[in-house]
Chemist: 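The structure's right below; bear with me while I get my questions together.
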Amino acid sequence: MNHLVRNESIKIYRQTGYRVLIIIILALALLIPTGSFVINKITESVDSSVSAEGRYDSLIEWAEGMEKEDEPGMKATGAVYRAQADALRFFIDNDLDTSWKYNLYYQPYSSKREAYALIGMLADGKVTYAELQNTGNDWTVQEYMNARDEELVPTERYYYTDGVYYEEYPDASAEPLPNLGTYTRAQWQQEYAELGKKLEGYEKQILDASPKLILKSKLDSASQQVLQAEENLATAEANVKLAQAEYDKKSDENTLYLLRLAEYNRDCAAATRDSAKEVEWAYRFLYENECSPDSWQYNAVNSSYAGLVLGYYNGIVIMPKEVWEHDGSGWYDSYEEYQKDFEKKGQAREAAHDGMKMIRYALENDCPLSVFRGEKSVKDTLKSSLTSIMSMVTIFAIVMAGMMIASEHTEGTIRLLLIRPKKRHKIMTSKILTMLLYTVGLTLAAGLILSVMTVIFNGFGDLLTPDLMIMGGEVVAVPFIVTALIVCLCSLATALLMASIALFFSTVTKRSVLSIAFPLIIMSMFAVVQLLSLTFMQYLPILKFTILPYVSLSMFLTSPLADSYTYQMTLATLGLPYGLIMILLHTAVFVVFTYVAFNRQQIKN
């Protein structure tokens with residue numbers, strides 16, 4: 001067997017086409033990190049050239065161009081650009097244009113200045129409100145007037161009722177707004193003077209802001225929501241007792257409905273309390289650990305964790321049938337339809353819960369998550385490059401397998417091969433082992449070159465930081481090298497499947513073109529086939545037991561934080577291990593068919 005494998009390996013190596021493919025793949029392993037490095041440097045150069053001063057000059061130029069127009073609405077647009085420039089100048093002059101304060105405060109502060117400029121034009125009679133409406137600038141004024149008493153950066157509050165979360169801004173004015181088109185110049189002058197005083201306060205607030213104050217404000221708001229949620233829960237529990245007592249007395253349909261409604265509201269209030277505690281825990285963690293607003297921890301909590309909490313608790317309580325029949329019949333044709341829709345949303349809740357667990361684990365174990373670091377992740381770059389290079393390895397495996405038997409027929413050597421004293425299954429085994437040897441060897445060589453070149457150009461970066469995965473419902477930290485090996489293993493399994501198909505067609509058809517083209521066509525359809533099977537799985541659950549949802553195993557390596565939609569779709573399947581088994585099982589089936597077909601081939605004179 002060793003002699004057969006060695007001869008087959010030498011035969012493949014001597015063929016120019018194979019050597020060219022190997023050289024191309026290894027060259028790509030060298031060039032991909034190099035090209036990525038060059039592109040990143042060019043991008044950084046372009047970004048650095050667009051400095052804050054450059055943006056300021058551009059805004060002033062646009063403002064001056066608009067202000068030269070005769071139409072008042074266009075002049076108003078020029079005033080908006082100038083207001084944006086003035087806001088940017090404030091941050092530049094105070095050396096804040098690259099700090100966390102810029103990211104947090106620039107947009108809301110700029111909006112206030114834009115409103116100030118437009119209200120000033122209305123107060124001076126330079127433009128009418130109708131003219132602002134013609135250019136869409138009325139929205140800036142309206143947005144300010146709708147919440148003119150709120151803080152510069154309002155604190156979000158969330159509450160939960162009837163199984164649905166809503167978001168509100170607590171400091172927004174509750175008074176109904178009059179028609180702004182009827183405002184007099186005197187009224188606009190009053191608004192202009194008041195906003196001018198507020199701007200001075202906003203600027204002082206920005207200059208005096210510190211990470212500790214920001215986090216304390218958010219923690220206080222979260223703690224207040226917990227207290228409010230506890231009060232609401234206590235009230236809801238008291239209502240349940242009253243409804244239960246009333247039902248015990250009458251036991252009729254109406255009192256049963258009121259009891260179920262009270263229980264439903266209690267469960268919703270409990271969900272509110274639990275979600276408020278989750279958010280409070282997160283902001284308490286940030287506060288006690290003095291995490292800066294530009295840290296990955298703050299970004300994880302502020303931009304993702306609170307939203308995941310809402311995504312998990314949103315609709316977690318199912319409405320009782322008695323309540324649905326009384327209050328909710330307008331949404332669905334039947335209660336059973338409502339239940340099915342509720343169950344479908346379970347995947348979204350599960351994905352949100354997994355994301356929550358991942359962030360909590362990362363915070364508690366000081367494991368930075370690249371998606372929140374705000375800088376280029378070397379791990380993500382390397383994983384993406386590995387996926388790309390493995391596609392080329394798969395093509396190489398297909399070409400090699402597709403020509404193994406077909407080339408013997410084309411070159412007329414098949415007769416000499418079949419009349420040899422060696423048993424046919426040993427000949428086929430030697431070819432399969434040779435194909436496996438070249439494919440695995442090329443994978444290791446390309447992966448090693450790719451990894452070394454990536455480190456040379458990007459440094460180790462976050463490569464030494466473990467990756468977080470969800471396994472069995474729990475968060476597990478694994479070294480990145482394990483993640484890289486899993487990526488290669490998944491791609492290698494797909495490559496072997498495609499190669500086994502190519503080898504089977506090469507044996508049966510004796511035509512290398514068809515043997516290579518057919519697997520390549522199948523591989524090009526993987527994404528569409530997988531997406532369709534995952535989409536229709538809710539109607540045909542049996543699809544989860546087929547190979548169709550698993551044809552591209554890379555989908556199962558997504559994170560609930562990086563791609564929640566894809567992650568949700570994979571939750572409906574039987575998971576990565578089952579998918580890997582299905583790929584290997586189908587590979588084995590094609591290999592068996594290949595053995596049978598090869599053993600039955602006749603020797604023609």
Side-chain angles (χ1 to χ4, degrees), residues 47-48 50-60 62-63 79-120 137 139-157 167-173 191-224 282-283 286-287 289-303 306 372 374:
D47 290 342
S48 63
V50 186
S51 61
E53 288 287 357
R55 296 198 303 273
Y56 174 80
D57 292 339
S58 296
L59 288 169
I60 290 297
W62 297 342
V80 169
Y81 284 134
R82 188 170 292 278
Q84 293 174 359
D86 292 341
L88 183 57
R89 173 51 60 187
F90 169 78
F91 283 88
I92 294 173
D93 291 344
N94 291 281
D95 295 326
L96 302 176
D97 53 298
T98 58
S99 73
W100 60 267
K101 291 185 179 183
Y102 177 85
N103 296 328
L104 183 63
Y105 289 114
Y106 173 72
Q107 193 57 51
Y109 175 68
S110 178
S111 296
K112 302 292 186 185
R113 290 209 68 98
E114 291 168 28
Y116 183 65
L118 294 174
I119 292 174
N137 288 311
W139 173 247
T140 302
V141 177
Q142 187 178 10
E143 186 179 44
Y144 163 71
M145 295 294 286
N146 279 335
R148 58 185 181 278
D149 295 327
E150 73 177 19
E151 300 172 0
L152 181 59
V153 180
T155 302
E156 299 88 349
R157 288 177 183 262
E167 180 179 331
E168 64 170 353
Y169 293 97
D171 300 317
S173 174
E191 293 289 347
Y192 182 71
E194 291 178 0
L195 181 52
K197 295 177 182 178
K198 291 178 184 177
L199 283 174
E200 295 178 3
Y202 293 148
E203 291 173 354
K204 185 176 186 304
Q205 177 185 346
I206 295 171
L207 294 174
D208 295 343
S210 68
K212 200 75 172 177
L213 287 175
I214 296 294
L215 295 175
K216 185 66 167 62
S217 173
K218 288 185 173 292
L219 176 59
D220 289 344
S221 176
S223 298
Q224 184 61 39
Y283 282 114
L286 296 179
Y287 179 74
N289 290 275
E290 300 183 359
C291 300
S292 171
D294 57 358
S295 66
W296 72 267
Q297 294 96 328
Y298 182 90
N299 290 335
V301 171
N302 206 51
S303 66
F372 301 118

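Every value quoted in this text rests on a predicted model; they were computed, and no experiment measured them.
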Chemist: S58 side chain to G54 main-chain N or O, any donor-acceptor pair under 3.5 Å?
Modeler: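 It does hold such a pair.
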Chemist: If you look at every heavy atom in S110 and Q84, which pair is closest and at what distance?
Modeler: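 Closest approach of S110 to Q84: OG-CG, 3.6 Å.
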Chemist: Any sub-3.5 Å donor-acceptor pair from S303's side-chain atoms to N299's backbone N or O?
Modeler: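 Judged by distance alone, yes, a pair lies under 3.5 Å.
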Chemist: Answer yes when E203 and K112 have at least one side-chain N-carboxylate O distance shorter than 4.0 Å, and no when they do not.
Modeler: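 Judged by the 4.0 Å cut-off on N to carboxylate O distance, E203 and K112 do not form a salt bridge.
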Chemist: Do you know the tightest heavy-atom contact between P211 and S292?
Modeler: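 Shortest heavy-atom separation between P211 and S292 comes out as CB-CA, 4.3 Å.
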Chemist: So, taking the atom named NZ in K218 and the one named CG in L286, what distance separates them when rounded to the nearest 0.5 Å?
Modeler: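 So the NZ of K218 and the CG of L286 are separated by 9.5 Å.
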Chemist: Is it the case that the side chain of K216 and the backbone of Y287 share a donor-acceptor pair, with hydrogens and angles ignored and the cut-off at 3.5 Å?
Modeler: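 It does not hold such a pair.
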Chemist: For the pair R82 and D86, find out whether any cationic side-chain nitrogen is under 4.0 Å from an anionic carboxylate oxygen.
Modeler: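 No, no charged N to carboxylate O under 4.0 Å.
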Chemist: Taking atom CD of E194 and atom NZ of K197, what is their separation to the nearest 0.5 Å?
Modeler: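 So the gap between those two atoms works out to 7.5 Å.
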Chemist: Please name all residues satisfying salt bridge (charged side-chain N to carboxylate O under 4.0 Å, His left out) with E290, sequence neighbours left out, ordered by chain then number.
Modeler: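 Partners of E290 under the salt bridge (charged side-chain N to carboxylate O under 4.0 Å, His left out) test: K212.
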Chemist: Distance from K101 atom NZ to L207 atom CG, nearest 0.5 Å?
Modeler: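 Here the interatomic distance stands at 6.0 Å.
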Chemist: Should E53 and R89 count as side-chain neighbours, where that means a heavy-atom distance under 4.5 Å?
Modeler: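 Heavy-atom side-chain distance check passes, below 4.5 Å.
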Chemist: Tell me whether the rings of Y109 and F91 are parallel (<30°), tilted (30 to 60°) or perpendicular (>60°).
Modeler: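 Perpendicular.
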Chemist: If I compare all heavy atoms of Y283 with all of A222, which pair ends up nearest, and what's the gap?
Modeler: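 The answer is CD1-CB, 4.4 Å.
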Chemist: Of all heavy-atom pairs between L195 and A115, which one has the smallest distance, and what is that distance?
Modeler: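 That would be CD2-C, 4.0 Å.
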Chemist: What is the minimum heavy-atom distance between S111 and T140, and which atoms define it?
Modeler: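 Smallest interatomic distance, heavy atoms only, reads O-CG2, 4.2 Å.
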Chemist: Any non-hydrogen side-chain atom of Y102 less than 4.5 Å from a side-chain atom of L88?
Modeler: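 Yes, side chains in contact.
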Chemist: Taking atom CG of L118 and atom OH of Y144, what is their separation to the nearest 0.5 Å?
Modeler: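 Interatomic distance, L118 CG to Y144 OH, rounded to 0.5 Å: 12.5 Å.
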Chemist: Let me confirm one number: the OH-CG distance from Y298 to L215, rounded to the nearest 0.5 Å.
Modeler: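 Nearest 0.5 Å value for the OH-CG distance: 6.5 Å.
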Chemist: Please determine which of D208, L213, I214 meets the side-chain contact (heavy atoms from CB on, under 4.5 Å) test together with S210.
Modeler: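 So, applying the side-chain contact (heavy atoms from CB on, under 4.5 Å) to S210 and each of D208, L213, I214, only L213 qualifies.
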Chemist: Looking only at atom types and distance, does a side-chain atom of D294 sit under 3.5 Å from a main-chain N or O of W100, one as donor and one as acceptor?
Modeler: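 No, because the side chain of D294 does not come within donor-acceptor range (under 3.5 Å) of the backbone of W100.
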Chemist: CZ of R113 to CZ of F90: how many Å apart, nearest 0.5 Å?
Modeler: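 Separation between the atoms: 9.0 Å.
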